[in-house]
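Position 1 is the first residue of the sequence, and the numbers go up from there.
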Amino acid sequence: MQVKIYHNPRCSKSRQTLQLLQEQGVEPEVVEYLKSPPDKNTLKKILHQLQLSPRDLMRHKESEYKESHLDDPSLSDDDLIEAMVKHPKLIERPIVVTDKGAAIGRPPEKVLEVV
């Protein structure tokens, strides 16, 4: 099974999730999404797998969220996805994607549902 983790090494939850996967004998493909952000289509696919709206995947406390007025309810899903592609810091982390689906590692154990 292929396992991919959208990872931020500076985030404790992301590090804990990666460690948990490795302790389970899983060596995931690690994507440092701040350096290699997902494109629009990839993000749409991840959202579908997570069964979340774009707004639900966003980190609302980031300065980019406030500065870009992303709390505006009139913004479309495409607008929000474009903002996450442009500012990957807005994407909640970590995200683990497998053949079984996707999960956000908050708490880290949540990703075991899709591994």
Side-chain angles (χ1 to χ4, degrees):
M1 174 188 329
Q2 288 192 318
V3 179
K4 185 181 287 191
I5 181 171
Y6 289 88
H7 177 62
N8 178 350
R10 296 184 64 204
C11 169
S12 63
K13 291 287 185 223
S14 199
R15 290 192 308 270
Q16 290 168 13
T17 301
L18 179 58
Q19 182 180 351
L20 178 64
L21 289 171
Q22 291 169 333
E23 287 169 356
Q24 299 292 315
V26 176
E27 280 303 326
E29 175 187 345
V30 177
V31 177
E32 288 191 32
Y33 71 93
L34 294 177
K35 294 179 182 175
S36 301
D39 63 24
K40 189 174 182 176
N41 288 335
T42 302
L43 206 46
K44 282 184 176 184
K45 184 177 178 184
I46 291 169
L47 286 163
H48 178 73
Q49 289 175 296
L50 289 168
Q51 297 180 341
L52 291 177
S53 73
R55 195 172 300 283
D56 292 336
L57 188 61
M58 297 181 94
R59 298 174 58 84
H60 298 214
K61 293 180 180 170
E62 294 294 338
S63 59
E64 290 84 354
Y65 187 84
K66 293 174 180 70
E67 291 166 6
S68 300
H69 306 288
L70 297 173
D71 57 345
D72 180 346
S74 71
L75 292 173
S76 70
D77 284 356
D78 274 349
D79 293 333
L80 297 174
I81 290 169
E82 286 288 342
M84 287 188 279
V85 170
K86 186 176 179 184
H87 304 287
K89 190 178 188 182
L90 291 169
I91 302 170
E92 186 59 79
R93 61 186 180 258
I95 302 169
V96 172
V97 179
T98 72
D99 302 337
K100 291 182 181 179
I104 297 173
R106 292 186 175 271
E109 294 76 22
K110 187 114 175 92
V111 303
L112 297 178
E113 297 170 7
V114 296
V115 175

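Side-chain contact between L20 and L18 is absent, with no heavy-atom pair separated by less than 4.5 Å. Looking only at side-chain heavy atoms (C-beta outward), Y6 and V96 stay at 4.5 Å or farther from each other. Within the 4.5 Å cutoff, side-chain heavy atoms of L57 are placed close to those of I91. Put simply, the side chain of I104 reaches to within 4.5 Å of the side chain of R106, judged on heavy atoms. A heavy-atom distance below 4.5 Å is found between the side chains of E64 and K89. Residues L90 and L80 form no side-chain contact, since every pair of their non-hydrogen atoms from C-beta on lies 4.5 Å or further apart. In this structure, L43 and M84 have side chains that are in contact, with non-hydrogen atoms separated by less than 4.5 Å.
Clustering ILVMFWY residues whenever any of their side-chain heavy atoms sit less than 4.5 angstrom apart, transitively, puts L34 in the very cluster that holds V85. Hydrophobic clustering (side-chain heavy atoms under 4.5 Å, transitive across Ile, Leu, Val, Met, Phe, Trp, Tyr) groups L50 together with V31. There is a path of hydrophobic side-chain contacts, each under 4.5 Å, that joins V111 to I5. Linking Ile, Leu, Val, Met, Phe, Trp and Tyr whenever their side-chain heavy atoms come within less than 4.5 Å leaves L112 and V30 in two separate clusters.
Considering CD of E32 and OG of S14, their distance stands at 9.0 Å, rounded to 0.5 Å. With rounding to the nearest 0.5 Å, the separation of NZ in K13 from NE2 in H7 is 14.5 Å. How far CD of E92 is from CD of E62: 9.0 Å, rounded to the nearest 0.5 Å.
The stretch residues 42-55 participates, sequence neighbours left out, in these side-chain hydrogen bond (donor to acceptor under 3.5 Å, both in side chains) pairs: D39-T42, K44-D78, S53-D56, R55-Y65.
When the ring-ring contact (aromatic ring centres under 6.0 Å, His included) test is applied to Y33, no partner is found at least two apart in sequence or on another chain. Applying the side-chain hydrogen bond (donor to acceptor under 3.5 Å, both in side chains) test to D79 and every residue at least two apart in sequence or in another chain returns S76. Evaluation of the side-chain hydrogen bond (donor to acceptor under 3.5 Å, both in side chains) rule for K110 yields E113 as partners, not counting sequence neighbours. For K61, there are no salt bridge (Lys or Arg N to Asp or Glu O under 4.0 Å) partners at least two apart in sequence or on another chain. With sequence neighbours excluded, the residues satisfying side chain to side chain contact (heavy atoms under 4.5 Å, CB included) with E82 are K40.
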**Asked** Between T98 and V26, is a side-chain contact (heavy atoms from CB on, under 4.5 Å) present by the stated rule, with each step listed?
**Response** CA-CA 11 Å; T98 72; V26 176; over 6 Å; no
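Checked by atom type and distance alone, the side chain of R15 pairs as donor or acceptor with a backbone atom of P9 at under 3.5 Å. Side-chain atoms of R93 do not come within 3.5 Å of backbone N or O of C11 as any donor-acceptor pair. Under the 3.5 Å distance criterion, the side-chain polar atoms of S68 are left unmatched by any main-chain donor or acceptor of L70.
Remark: of the listed residues T17, N8, L21, T17 is the sole one forming a side-chain contact (heavy atoms from CB on, under 4.5 Å) with P94.
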